[in-house]
Amino acid sequence: MAASRSTSACKVRRTCRVCGSLRREPVVNLGRSPPANAFLKPADLARPEPRYPLEVVRCLECGLVQLRHVVDRSLLFRHYVYFSSASGPMADHFAQLARSAADEYGGSRPGLAVEIGSNDGTLLRALRGSNLDVLGIEPARNIARYANDQGIRTWNTFFGREVARRIRSRMGPARIVFSNNVLAHIDDLHEAAGAVADLLEPEGVWIIEVPHLAQMIERVEFDTIYHEHLSYFSLPPIERLLKAHGMSVEQVEEIPVHGGSLRIFVRSAALSSRQAPNVAKVRSEERRIGLHRASTFRRFRVAMEGVRSSLPRLLDRLRSKGKKIVGYGAPAKGNTLLNYCGIDRRRLDFLLDTTPAKQGLFAPGSRLEVRPPAAFRSARPDYALLLAWNFETEILERERDYVAQGGRFIRPIPFPEVIEPGPAARFEVVEASSRGRAR
Ligand code: TMP
Ligand code: ZN
């Protein structure tokens with residue numbers, strides 16, 4: 001299959017999904033890669049894996065950074081191994097968001113909260129006992145079933161206008177719509193935004209959480225690039241999308257989730273003449289970083305190439321000294337990192353992850369086995385590559401004994417370094433990558 005040709009599993013998108021422009025320029029090309037959540041069963045190991053192009057482009061008209069190819073959403077999302085509840089800090093984060101949103105926007109009358117991409121119901125569960133009835137929309141069959149079994153009403157479908165109509169007619173309009181880490185997954189953003197506009201009460205609020213392009217660029221978080229993440233958002237393309245559907249940004253907060261995200265509060269444009277000052281602040285921060293300039297993205301590419309050359313060298317040096325190295329966490333982004341850097345079973349022993357649905361499976365591409373966290377204690381590795389770097393604080397806290405006994409974590413980005421107890425010390429082989437730092 002030529003990279004530029006569409007197939008039923010993978011289509012080339014020629015226009016920007018926000019503004020429709022054809023004027024887009026290449027940012028980076030990560031080559032043909034297996035989907036990042038396509039963990040393999042032992043029986044799959046004998047077969048070659050499907051791989052699809054992973055190329056990032058930037059729209060010169062509206063600034064949206066996006067993938068050039070769209071893998072069929074049924075292939076990516078009908079069966080899913082990511083459970084929100086498996087990461088303790090994320091579960092706490094969503095529960096807090098749900099409760100504060102209910103306090104702020106829940107009102108006193110009974111109402112409805114809908115979550116798009118509700119996963120296992122971790123967020124909606126926290127609304128129990130509030131005046132809000134809840135409904136989750138979740139395309140993954142296995143996860144929707146799990147949520148329903150837990151008593152969180154969940155419809156197993158992709159969200160769109162037809163679903164919004166059905167919700168309205170059966171349950172009424174929504175006072176709050178949540179979409180956390182899902183906007184980037186949606187190819188037809190206008191269908192989704194239009195559907196939310198149709199679904200909301202006139203004074204309702206749409207709360208979006210989405211990884212922020214600014215942080216991805218600043219911290220060289222290139223591993224968050226994978227087929228599920230079709231868009232890498234900054235504020236202007238989001239504002240443009242909302243405007244087309246009679247909505248606007250009322251408030252935005254920068255939050256540390258997933259390496260730096262935006263939490264955006266959206267209302268009907270008719271209501272929000274009052275835009276919080278923080279919106280202008282985030283916009284000017286994005287300009288300061290240079291998200292409107294091609295040179296910013298060239299630096300980003302050089303920085304990620306730096307990681308690709310220095311991380312394998314670091315691992316090889318440690319391996320040549322007989323060190324045992326594992327991957328800590330098996331997040332989707334870990335698979336981008338491993339595959340882009342050419343790290344497989346020769347360079348790591350195995351991965352460990354708290355998600356039961358991933359344990360016993362093998363990571364796509366690298367084919368590293370995923371083991372439960374207990375394997376960390378029994379294997380006593382010398383080094384642990386921190387693939388779930390977004391949870392560094394929590395993980396280092398939990399693994400204090402490991403570090404006290406001489407175990408070390410390796411932080412892969414923005415440049416590979418061994419995390420020493422106390423102030424972090426840079427590893428010697430970082431010259432190549434530090435030269436390539438984005439800033
Ligand atoms: P995420 O970064 O995409 O949220 O995925 C994080 C993955 O890391 C998820 O599979 C759960 C796993 N994990 C661990 O293995 N140990 C941990 O301490 C935490 C917080 C997450
Ligand atoms: Zn555009």
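Numbers for residues simply follow the sequence, beginning at 1. In each ligand, atom 1 is the first atom listed, and ligand 1 is the first ligand listed. These numbers come from a predicted model, not from an experiment.
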I'd like to know whether [atom1] of [X] has more than 12 heavy-atom contacts from other residues, nucleotides or ligands below 6.0 angstrom.
| X | atom1 | answer |
| --- | --- | --- |
| Arg380 | CZ | no |
| Arg398 | CZ | yes |
| Arg128 | CZ | yes |

| In ligand 1, which numbered atoms sit nearer than 4.0 Å to a non-hydrogen atom of His258? |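 Answer for ligand 1: 1 (P), 3 (O), 4 (O).
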| query | Going by the order shown, which atoms of ligand 1 are within less than 4.0 Å of some heavy atom of Thr355? | reply |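 Every atom of ligand 1 under 4.0 Å from some heavy atom of Thr355: 9 (C), 10 (O), 11 (C).
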| field | Side-chain (Thr296) to main-chain (Ala294) donor-acceptor, under 3.5 angstrom | value |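 No.
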| request: May I ask you to decide if the ring planes of His227 and Tyr52 are parallel, tilted or perpendicular, using 30° and 60° as cut-offs? | output: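 His227 and Tyr52: perpendicular rings.
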| request: Give the ring-plane orientation class for Phe83 versus Tyr146, where under 30° counts as parallel, over 60° as perpendicular and anything between as tilted. | output: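 Geometry flag for Tyr146 against Phe83: perpendicular rings.
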| Checking side chain to side chain donor-acceptor pair (under 3.5 Å) for the pair Glu399/Tyr328: CA distance, chi angles, key distance, verdict? | CA-CA 11 Å; Glu399 305 297 356; Tyr328 201 104; 2.5 Å; yes
[atom]: nearest protein contact (heavy atom, Å):
| atom | answer |
| --- | --- |
| atom 15 (O) of ligand 1 | Thr354 N, 3.0 Å |
| atom 19 (C) of ligand 1 | Phe391 CD1, 4.0 Å |
| atom 5 (O) of ligand 1 | Pro331 CB, 3.4 Å |
| atom 2 (O) of ligand 1 | Lys333 NZ, 2.5 Å |

| said: Testing the 3.5 Å rule here: is there a donor-acceptor pair between the side chains of Ser85 and Asp120? | reply: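 Short answer, yes.
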| query | Just checking, is any N or O donor in the side chain of Gln251 or Arg263 under 3.5 Å from an acceptor N or O on the other one? | reply |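 No.
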Under 4.0 Å, counting heavy atoms only: does [X] come that close to any atom of ligand 1?
| X | value |
| --- | --- |
| Lys358 | yes |
| Tyr82 | yes |
| Ser87 | yes |

| message | Below 3.5 Å, N or O to N or O, backbone or side chain included: is there any such pair between Asp353 and ligand 1? | response |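 Yes, there is a polar N/O contact under 3.5 Å.
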| task | Give yes if a backbone or side-chain nitrogen or oxygen of Asn390 is under 3.5 Å from a nitrogen or oxygen of ligand 1, and no if not. | result |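 Such a contact does occur with ligand 1.
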| task | Using a cut-off of 2.8 Å, find all protein N, O or S atoms closer to the Zn ion (ligand 2) than that distance. | result |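 The answer is Cys16 SG, Cys19 SG, Cys59 SG, Cys62 SG.
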| query | For ligand 1, is any non-hydrogen atom under 4.0 Å from Arg398's backbone (N, CA, C, O), its side chain (CB onward), both, or neither? | reply |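 Side chain only.
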| said: Checking contacts here: is it the side chain or the backbone of Glu394 that comes within 4.0 Å of ligand 1, counting heavy atoms only? Could be both or neither. | reply: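 Contact part for Glu394 vs ligand 1: neither.
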| query | Do Arg371 and Phe350 meet the cation-pi criteria used here (NZ or CZ under 6.0 Å from the six-membered ring centre, within 45° of the axis)? | reply |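 Yes, Arg371 lies over the aromatic ring of Phe350.
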| Would Glu305 and Arg301 pass as an ion pair if we require N to O under 4.0 Å? |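 Arg301 and Glu305: salt-bridged.
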| query | Under a 4.0 Å N-O cut-off, is there an ion pair linking Arg367 with Asp344? | reply |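 Between Asp344 and Arg367 there is no salt bridge, as every charged N stays at least 4.0 Å from the carboxylate O atoms.
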